[in-house]
Amino acid sequence: NEEQQHQSQQQQQLGDEEDEKERNEDQKKEEAMKWYEKAANQGCPAAQHNIGSLLFNVENKKEEAVEWFRKCAKSGKGEGAAIMGAFYQHGEGVERDLRESERWYEISVSCGNSEVKMNEIYFEFGQSCCHDAADDESGDGGGEMKDEEEDEEKKKKKRMKKREAEKWFRKSAQECKSIDDGEEESEKMILKAIEDENEMALKVFLSEGFSLPKNDSEAMMMLLNMMATHTTSMRTFVETFNTMQDTTTQTDTETIFIQ
């Protein structure tokens, strides 16, 4: 009928308008890219950053984006160096490489980028190594007739990843000690270790002399939850409890052990 025909024509017109908008947007992006490239080729860090962003976020050309951000970082822009650090940390457009990631993050800090906190970066590195080791462990199932040599190689890799994780957590702790607000940062990091139920990070931070904020009953309950879910050894719990017992009342302690 006429009403349906009129409605379909209106819908067709709206579709045409949206299609035209999309074509205009594509043209605008092409025009922007043309001018960015002119500026970038003359060494403008902001233009190099913008090209990298368009390639990465819009065109999904990650490898090309990496090269533009690399140029941006080499031009002295701290934000570009931080992005390079993130690329290497997560394996985006490049092969994952934590040491190379560390190098770029350090360049970013040296360029004055205060948003990059190396103690937090090192903690993230340690976490990723722990996750890698856990993935290796979960993948150890295999068939019944397992090659012993291959099994031993997997165990060796797992041990190496755990040692690497410990190294990053220790660097995180040492970084906390070297900064002005180190005590506040150390409290944040040990709380993060408990929140993430990361036993290795907790042990390292305790061995470096970290302790929890005073009267933090919530942290104590999170720590107890770790023990309840068998993610923390009794030794770790006792060490941590000793650092906290002066912040916990006798009543609280009795309640904890009754539970």
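Keep in mind the model is a prediction, meaning the values are calculated, not measured.
- Under the 4.5 Å side-chain criterion, counting only non-hydrogen atoms from C-beta, L55 is in contact with M33.
- Side chains of E187 and F210 form no contact here, defined as non-hydrogen atoms less than 4.5 Å apart.
- For K188, the side-chain contact (heavy atoms from CB on, under 4.5 Å) criterion is met by K117, E120, E185, not counting sequence neighbours.
- From S101, atom OG reaches atom CD1 of I121 across 7.0 Å, with rounding to the nearest 0.5 Å.
- At a threshold of 4.5 Å between side-chain heavy atoms, the hydrophobic network of Ile, Leu, Val, Met, Phe, Trp and Tyr places V94 and L98 in two separate groups.
- A pairwise comparison of heavy atoms in E63 and G93 identifies CG-O, 3.7 Å as the closest pair.
- The hydrophobic cluster containing M160, built from Ile/Leu/Val/Met/Phe/Trp/Tyr side-chain heavy atoms closer than 4.5 Å, comprises no other residue.
- Checked against salt bridge (Lys or Arg N to Asp or Glu O under 4.0 Å), E153 has no partners two or more places apart in sequence or in another chain.
- Remark: E166 engages R170 in a salt bridge (Lys or Arg N to Asp or Glu O under 4.0 Å) (not counting sequence neighbours).
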Exercise for the section: Give the intermediate values and the outcome of side chain to side chain donor-acceptor pair (under 3.5 Å) for residues Q127 and D196. Expected result: CA-CA 9 Å; Q127 277 184 315; D196 294 347; 2.5 Å; yes
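- Transitive grouping of hydrophobic side chains (ILVMFWY, heavy atoms separated by less than 4.5 Å) keeps L54 and F69 in distinct clusters.
- Here L202 contributes atom CG and I190 contributes atom CD1; the two are 5.5 Å apart, rounded to the nearest 0.5 Å.
- Relative orientation of the W168 and F125 rings is perpendicular, given thresholds of 30° and 60° on the angle between their planes.
- Atom CD1 of residue I51 and atom CD of residue E67 lie 13.0 Å apart, to the nearest 0.5 angstrom.
- In D180, the CG atom is not crowded: 12 or fewer heavy atoms of neighbouring residues, nucleotides or ligands sit closer than 6.0 Å.
- Inter-residue side-chain proximity for D97 and R99 is flagged as met; some heavy-atom pair is nearer than 4.5 Å.
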Handout entry: Residue pair F169, F123: steps toward the ring pair (Phe, Tyr, Trp, His ring centres under 6.0 Å) verdict
Key = CA-CA 5 Å; F169 289 136; F123 185 87; 5.4 Å; yes
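- Applying the salt bridge (Lys or Arg N to Asp or Glu O under 4.0 Å) rule to E31 yields the partners K34; only residues at least two apart in sequence or on another chain are considered.
- Pairing each heavy atom of A65 with each of G52, the nearest pair is CB-O, 3.4 Å.
- Each of R96, K154, R159 was compared with D132 under the salt bridge (charged side-chain N to carboxylate O under 4.0 Å, His left out) criterion, and only R96 meets it.
- For the residue pair F205 and S172, the shortest heavy atom distance occurs at CZ-OG, 4.0 Å.
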If you look only at distance, which donor and acceptor atoms sit under 3.5 Å apart when one is on a side chain in residues 73-92 and the other is two or more places apart or in another chain?
residue	atom	partner	partner atom	Å
S75	OG	Q48	OE1	3.1
S75	OG	K71	O	2.9
E79	OE2	H49	NE2	3.3
Y88	OH	R70	NH2	3.2
Q89	OE1	Y105	OH	2.7
Q89	NE2	E124	OE1	2.8
E92	OE1	K62	NZ	2.8

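- For the 3.5 Å distance criterion, the side chains of E102 and Y122 qualify, holding a donor opposite an acceptor.
- To the nearest 0.5 Å, the span separating OG on S178 from CE on M118 amounts to 10.5 Å.
- Residues passing the salt bridge (Lys or Arg N to Asp or Glu O under 4.0 Å) test with R163: none are found, sequence neighbours excluded.
- For W68, there are no side chain to side chain donor-acceptor pair (under 3.5 Å) partners two or more places apart in sequence or in a different chain.
- Atoms CD and CD1, from E199 and I194 in turn, are 12.0 Å apart once rounded to the nearest 0.5 Å.
- Among residues two or more places apart in sequence or in another chain, the side chain to side chain donor-acceptor pair (under 3.5 Å) test is passed with E59 by K61.
- Under the 4.5 Å side-chain criterion, counting only non-hydrogen atoms from C-beta, I107 is not in contact with V109.
- Every residue two or more places apart in sequence or in another chain that forms a side chain to side chain donor-acceptor pair (under 3.5 Å) with K177 is listed here: E208.
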Cut-off 3.5 Å, no hydrogens considered: what does the side-chain donor-acceptor table look like for residues 37-45, sequence neighbours left out?
residue	atom	partner	partner atom	Å
N41	ND2	E37	O	3.0
Q42	NE2	K38	O	3.3

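- Between E195 and K192 there is no salt bridge, since none of the side-chain N atoms of the basic residue sits less than 4.0 Å from a carboxylate O of the acidic one.
- Closest approach of A165 and M200 over heavy atoms only: CB-SD, 3.7 Å.
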Handout entry: Residue pair R103, E100: steps toward the salt bridge (charged side-chain N to carboxylate O under 4.0 Å, His left out) verdict
Key = CA-CA 5 Å; R103 187 177 78 83; E100 185 67 6; 2.9 Å; yes
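- Partners of S108 according to the side chain to side chain donor-acceptor pair (under 3.5 Å) rule, which considers only residues two or more places apart in sequence or in another chain, are N113.
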